[in-house]
Amino acid sequence: MAGKMPREIAPGVFWIGDCLAQRHKGKIYHGYNAAYLIAGETASCLVETGHPKDFPVIERHMGELFARGVPPLKYLFVTHQETPHCGGLGRVLKTFPDTLLCGDVSDYHLAFPQYEHRMRWMREGDEIDLGGRSLMAVEPVIRDLRTTWWAFETRERVLFPGDGFAYSHYHEDGHCGLLAEEATSLDLPDVSSTFADLALFWTKFADMNAYCDRLDLLIERHGVKTIAPTHGLPITDVKATVPKVQAGLKAAALMPESGTNEKIRLAGAGAAPTAA
Ligand SMILES: [Zn+2]
Ligand SMILES: [Zn+2]
């Protein structure tokens, strides 16, 4: 529940936001469109902006953290140009006039020309200094768009993989606000494969073994200790949990695509399509 947020998932790394309910195959799945606040010694960085329905919740959570002494927001990092990830960037830049937008900043100036001078490009290996810790752009192994970047926090070794490690959780089982390892009844391979089926269609046409090997390499190279996905529950036991998510990605790749939630049916020959 939102009541558990903000939740500190690693020292100075706060999980903020709220769940979103989605219906699929007669069940209600909960997902996150989370944001994370990283507190350095001199500056804070917000990773992702949350889903539009969560903007007031995220603003409240950030306010609570600043009231607790978290340093001012100087940076906003967004993994890619989709609404649940970057939809609030205009709001954030307006509310925090000293904040710079970082990442792949292609096209954002078209929507927000007034903030173009506050947009900073990052490429792999580039780092944002927060005082005692930094946030680095790293290889986006599971990417949604050409412009996707993942981020890695260097002191506590937290990976922010955007649409990677995306899976829903069971509200009925009380999983909301839990870490992946605490949600013991969550079938991780199943929810990971469902999410890939609905949101990452390209995984049907790719060799996911190669992507999973690449994920292992990234985790090993950086010594990742915690994974802070935008849609999934945070992972704090990388060794035990990552293989379960990978099993889901590999299983989904072998099943035909079932399409999106919104099914379009043709009423008859020549008839206009109607939403069912
Ligand atoms: Zn996403
Ligand atoms: Zn939930």
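One-based numbering, in listed order, for ligands and for the atoms of each.
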Sequence neighbours excluded, every pair satisfying salt bridge (Lys or Arg N to Asp or Glu O under 4.0 Å) that has a member inside residues 45-57
none
If a pair satisfies salt bridge (Lys or Arg N to Asp or Glu O under 4.0 Å) and one of its residues is in residues 152-176, list it, with sequence neighbours excluded.
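As it turns out, the salt bridge (Lys or Arg N to Asp or Glu O under 4.0 Å) pairs with a partner in residues 152-176, which skip direct neighbours, are R133-E153.
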[Y] and [X], any side-chain heavy atoms less than 4.5 Å apart:
{"X": "H30", "Y": "C176", "result": "yes"}
{"X": "D187", "Y": "Y170", "result": "yes"}
{"X": "E139", "Y": "R221", "result": "yes"}

Is the backbone of G164 close enough, under 3.5 Å, to the side chain of W150 for a donor and an acceptor to pair up by distance?
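Absent.
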Looking only at N, O or S atoms in H30, which is nearest to the Zn ion (ligand 2)?
ND1
Strictly by side chain to side chain donor-acceptor pair (under 3.5 Å), give each pair with a member in residues 112-128 just once, sequence neighbours left out.
E127-S134
Does the plane of the ring in H231 sit parallel, tilted or perpendicular to the ring in H85? Use 30° and 60° as the thresholds.
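Geometry flag for H85 against H231: perpendicular rings.
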Metal check, the Zn ion (ligand 2) vs H171 N/O/S, cut-off below 2.8 Å
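Here the distance criterion (N, O or S atom, under 2.8 Å) is not met by H171, so no.
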Any N/O/S atom from H175 (main chain or side chain) under 2.8 Å of the Zn ion (ligand 2)?
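It does not: H175 brings no N, O or S atom closer than 2.8 Å to the Zn ion (ligand 2).
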Can you check the angle at the Zn ion (ligand 2) formed by NE2 of H169 and SG of C19? Round it to the nearest 10°.
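Taking the Zn ion (ligand 2) as the apex, I get 100° for this pair.
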Inside 2.8 Å of the Zn ion (ligand 1) but strictly below it, how many protein N/O/S atoms are present?
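Total protein N/O/S atoms under 2.8 Å from the Zn ion (ligand 1): 3.
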